Chemist: 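One structure, pasted below without further comment.
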Amino acid sequence: MKPYKNITTHHLGLLLILARVTAYVGFLLTIIAIMASAFTFFTLSLTSVMPMLAFIPMALSVLFFSGVMAAIVAFEESYRKRTEHLVSSDEI
């Protein structure tokens, strides 16, 4: 599984790599948060689960930040392609 596999870029390769790595970290944090919350719920009480549930919004915010970075790359690539098309059509 490769997040954002349909996005390509000519200029922002590092940002796209960071978005993909951040997506992997977000997926991992989400899985860990859910598993830790479930484990704590079944072994301890409901009041012990509340601190563990705080990790789920953090994991989702990491995934959101990854999506924002990927969107920036996609917007830039779209703008670059459109500009290249306009410049090449003016040269004819």
Side-chain angles (χ1 to χ4, degrees):
M1 184 179 115
K2 184 177 178 182
Y4 314 120
K5 64 182 176 183
N6 294 331
I7 299 176
T8 59
T9 183
H10 187 72
H11 297 290
L12 297 177
L14 181 61
L15 187 62
L16 183 58
I17 290 172
L18 282 173
R20 288 177 176 161
V21 169
T22 307
Y24 284 127
V25 170
F27 291 144
L28 184 66
L29 283 175
T30 304
I31 291 170
I32 289 172
I34 291 172
M35 290 177 65
S37 297
F39 178 74
T40 306
F41 179 73
F42 289 121
T43 58
L44 300 171
S45 65
L46 183 62
T47 58
S48 302
V49 175
M50 292 304 173
M52 290 295 174
L53 291 177
F55 290 114
I56 293 174
M58 181 184 67
L60 293 177
S61 64
V62 169
L63 286 172
F64 177 76
F65 183 63
S66 172
V68 168
M69 287 191 292
I72 290 171
V73 172
F75 289 149
E76 187 275 334
E77 185 65 15
S78 171
Y79 182 74
R80 183 189 69 81
K81 286 181 180 179
R82 186 176 60 218
T83 304
E84 283 183 354
H85 177 71
L86 289 174
V87 168
S88 66
S89 66
D90 285 343
E91 291 176 355
I92 296 177

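For this chain, numbers begin at 1 and follow the sequence in order. Computed from a predicted structure; not experimentally measured. Values below: every heavy atom of this structure, side chains too, minus hydrogens, waters and symmetry copies.
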Chemist: Which pair of heavy atoms, one from Glu77 and one from Thr9, lies closest together, and at what distance?
Modeler: OE1-CA, 3.3 Å

Chemist: So Ile32 and Phe55, do their side chains get closer than 4.5 Å, heavy atoms only?
Modeler: no

Chemist: Of all heavy-atom pairs between Leu18 and Met69, which one has the smallest distance, and what is that distance?
Modeler: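 Between these two residues, the closest heavy atoms are O-CE, 3.7 Å.
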
Chemist: Let me confirm one number: the OH-OG1 distance from Tyr79 to Thr83, rounded to the nearest 0.5 Å.
Modeler: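 These two atoms lie 4.5 Å from each other.
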
Chemist: Taking everything shown except Met35 itself, do over 12 heavy atoms lie less than 6.0 Å from its CE?
Modeler: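 Not buried by this count: 12 neighbours or fewer within 6.0 Å.
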
Chemist: Could you report the tightest heavy-atom contact between Ile56 and Ala33, atom names first, then the distance?
Modeler: CG1-CB, 3.7 Å

Chemist: Could you report the tightest heavy-atom contact between Ile7 and Leu16, atom names first, then the distance?
Modeler: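 Here Ile7 and Leu16 meet closest at O-CD2, 3.6 Å.
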
Chemist: Between Ser66 and Tyr4, does any side-chain donor sit less than 3.5 Å from a side-chain acceptor?
Modeler: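 Tyr4 and Ser66 do have a side-chain donor-acceptor pair below 3.5 Å.
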
Chemist: Considering all heavy atoms of both residues, which atom of Leu63 and which atom of Thr30 are nearest to each other, and what is their separation?
Modeler: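 Result for this residue pair: CD1-OG1, 3.7 Å.
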
Chemist: What is the minimum heavy-atom distance between Lys5 and Arg20, and which atoms define it?
Modeler: CA-NH2, 4.1 Å

Chemist: Please name the residue in the list Val62, Ile17, Val68 that meets the side chain to side chain contact (heavy atoms under 4.5 Å, CB included) test with Thr22.
Modeler: Val62

Chemist: When you measure from the side chain of Thr40 to the backbone of Ala36, do you find a donor-acceptor pair of N or O atoms at a distance under 3.5 Å?
Modeler: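 Yes, Thr40 side chain to Ala36 backbone: donor-acceptor pair under 3.5 Å.
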
Chemist: Do Leu60 and Ile34 share a hydrophobic cluster, counting only Ile, Leu, Val, Met, Phe, Trp and Tyr and linking them when any side-chain heavy atoms are less than 4.5 Å apart?
Modeler: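 Yes; tracing contacts between hydrophobic side chains, which count when under 4.5 Å, links both residues.
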
Chemist: Can Arg80 and Glu84 be counted as an ion pair, charged N to O under 4.0 angstrom?
Modeler: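 Answer for the salt bridge query: yes.
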
Chemist: So how far is it from Ile72 CD1 to Leu15 CG, rounded to the nearest 0.5 Å?
Modeler: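 With rounding to 0.5 Å, CD1 (Ile72) is 6.0 Å from CG (Leu15).
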
